[in-house]
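Below you'll find the structure, written out as structure tokens, and then a few comments.
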Number of protein chains: 2
Amino acid sequence: MDRKTATIQDVARIAGVSTATVSRTLSKPSVVAKSTREAVLDAVAETGYRVNATASNLRRQRTGTVIVLLPNLANPFFSQILAGLASVLTPAQLGMLIADTQSGPDPEERLRHYLTSGQADGLILLDGTLSPEALAIPGRPPVVLACEWMGHDLPSVRVENARGAALAVGHLARLGHRRIGHVTGPRGNVLTETRLEGFCAALQELGLPLDDHWVLEGDFSMDSGAAAGRAWLGMTDRPTALFLSSDEMAIGFLGEVQRAGIRVPEDVSIVGFDNIEIAQHLSPGLTTIRQPRTQIGVRAAELLLAMIETGSLTGPSELIEVEFIVRGSAGVPPA
Amino acid sequence: MDRKTATIQDVARIAGVSTATVSRTLSKPSVVAKSTREAVLDAVAETGYRVNATASNLRRQRTGTVIVLLPNLANPFFSQILAGLASVLTPAQLGMLIADTQSGPDPEERLRHYLTSGQADGLILLDGTLSPEALAIPGRPPVVLACEWMGHDLPSVRVENARGAALAVGHLARLGHRRIGHVTGPRGNVLTETRLEGFCAALQELGLPLDDHWVLEGDFSMDSGAAAGRAWLGMTDRPTALFLSSDEMAIGFLGEVQRAGIRVPEDVSIVGFDNIEIAQHLSPGLTTIRQPRTQIGVRAAELLLAMIETGSLTGPSELIEVEFIVRGSAGVPPA
DNA sequence: GTGAAAGCGCTAACAT
DNA sequence: ATGTTAGCGCTTTCAC
């Protein structure tokens, strides 16, 4: 009907009250008299009034927005975390501004920008490669890490990465493997290092050999898994099993060696990490470690919400359990 | 340093100019004298001043935000489109507020909410199942569809879906298949219908039979592809080839029949749709139709940006080409 | 329980 | 080329 949207003034005029009363009716209905409240709500309905979030935010010195900073938006790994975040943030009237650290030139500068721009009530960080110094900014909003991170003193939601690696090694050892290789994520990434440490520690604990040639560097992508597959095919002294630091790499590896005529798990056993949806649909199914990604998002959002509400810059951290999922890609070693 | 962030007043005071000059220096540097500009920029640097986006937006009657409405955030299909959107929107100083139509109860109400709330300068719609009536709202911001849609009169970025289906059928027919089945997306979805129509039309054009039993309903998910695989395994009169309306379904189908001992493509040929990253890493590689998803996002964002800048509610539509990708999952029919 | 009034921080006429 | 001024629409003391 109306050409332009109604303001609080219009509602006040129609209801015959002041703008203050309209505002109160909408935010704290209990403090206004029943009859006034009804008059106001009628006027709201009549005009189709919605509060202007920008004006409200300016007045209340908040933004209504949470920034989510992730390394790479195109990586489907994050979409489920985002879904978890949204399920908590949306009901709390907080929008998610999603930004990608890889699209620009200087990721840490991007982070600093968001922290100082006053554009957000809080920030959720999904990129573990940024350095903690970037967070040392006075007056910054609360931050929750939903990833591993160099400095471990911030509120965070993390996953039992080292234990996951140990579970993988234990499973393979129990099947009889003694020559176990590993494909890492990108060096420098905290996830990579944590899983690698867990892998090495488990090997040592079980008295299994660790050959440097059996640790290949990847970058979590399918392509890098395929490259690892080619490297494995070219080895004279192949490990009989591999633990790969992501399911995506496991898929790339699997496809590559299968196309070369290698049978999985008869000729080589494979364990991934993540339990992405496709893991169960491969042939053979991918044995892997489940990370509950939606839950990571949910908990991170809840933590941040609590900090925003209390105005605190600190808060608890949380460790989320992983679960070992046995499918067909790991079996007994070849005779 | 400072406890609270500097305002434009602080900068003006330090630089010895008015706030208007500070504002101008930052938005249209060319109109202020060089010496003043330098003084202002020095003061900006000294105070670490950043414009308060909320205040700026309120004053300029804009929001600095674009809402992206998609059916399901957890679906990795959208992440690349989002990456494309972000690559255009971020440099234009527009944030993306991402919302999920499936998380709440009433998707159309959600859409209406975003359209009327004045929280966005524009909206990008990735959900083709919402009805066009929901957009008939006075004073709404510009909208771009990045999906198929019931009413075809809005600015949109779409893909040659029907032609993609025809390419798939043509390829299979050329290999010698005469019994070609299809697994659809969810009924009612516009993508589903368009591809189905393309499929039927191509069959007819080539004089190939269309058996109703060979058209199975899926929902684009791997699980539904696996279900289609089980259905196919149970058929007495199996088609020798299938065109599946998404790669995810093709993957589910492939895994399911392979686990049942069926060889692909020797026993059955498969063609998917999308060319998701994993398609090339499967064994056999998945023959499919490529949709340039990043580009879809880029073009949609560019269209919307133009509309926001000109204040127009209409604009051109664009059809993005698909490309047929031959890999190993489709071969000659079994003898 | 309700109203008056003072800004939140910024930009864009309009003056000069 | 720069300053003055009037708000954008809202929330929140502070009175009554």
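What you see is a predicted model; the values in this text were computed from it and never measured. Residue numbers begin at 1 in each chain, while the letters A, B, ... track the order of the sequences.
Atom-to-atom, CD1 of A:Ile8 to P of C:dA5 comes out at 17 Å; the value is rounded to the nearest Å. Rounded to whole Å, atom C1' of C:dA12 lies 15 Å from atom CG of B:Asn57. Residue B:Leu58 contributes atom CG, which lies 14 Å from atom P of D:dG7 at whole-angstrom precision. In this structure, B:Gln9 places its CD atom 12 Å from P of D:dT4, rounding to the nearest Å. Taking atom OH of A:Tyr49 as the reference point, atom P of D:dG9 lies 10 Å away to the nearest angstrom. As a whole-Å value, the separation of A:Arg60 CZ from D:dT13 P is 12 Å. Between the CD atom of A:Glu38 and the C1' atom of C:dG1 there is a distance of 15 Å, given to the nearest Å. With rounding to whole Å, B:Leu26 atom CG is found 13 Å from C:dA12 atom P.
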Task: Pair A:Ile124-A:Leu85, side chain to side chain contact (heavy atoms under 4.5 Å, CB included): steps then yes or no - done: CA-CA 9 Å; A:Ile124 289 176; A:Leu85 291 171; 3.4 Å; yes
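Residue-level contact check: A:Ala20 touches the bases, meaning some heavy atom is under 4.0 Å from a base atom.
Remark: A:Ser56 is not in phosphate contact with D:dC10, judged by side-chain N or O atoms under 4.0 Å from OP1 or OP2. The phosphate of D:dG3 (OP1 or OP2) has a side-chain N or O of B:Thr21 nearer than 4.0 angstrom. Contact between the side-chain N/O atoms of B:Thr36 and the OP1/OP2 oxygens of D:dT2 is found at a separation under 4.0 Å. Using a 4.0 Å cut-off, some side-chain N or O of B:Gln61 falls inside it from OP1 or OP2 of D:dG9.
Proximity of a side-chain donor or acceptor of A:Ser312 to a complementary backbone N or O of A:Met307 within less than 3.5 Å is not detected. For A:Thr47 (side chain) and A:Val44 (main-chain N/O), a donor-acceptor pair under 3.5 Å exists by modelled atom type.
Between B:Asn52 and B:Arg24, the one whose closest nucleotide on DNA chain C sits nearer the 5' end is B:Asn52. For the pair B:Arg37 and A:Ser23, both in contact range of DNA chain D, the more 5′-proximal nearest nucleotide belongs to B:Arg37.
Of the candidates B:Thr194, B:Asn189, B:Val159, B:Thr194 is the only one forming a side-chain contact (heavy atoms from CB on, under 4.5 Å) with B:Glu148.
When distances run from any side-chain atom of B:Ala33 to the nucleotides C:dT2, D:dG3, D:dA1, the shortest one goes to D:dA1.
B:Ser79 and A:Ser79 are not linked by any side-chain donor-acceptor pair at a separation below 3.5 angstrom, with hydrogens and angles left out of the test.
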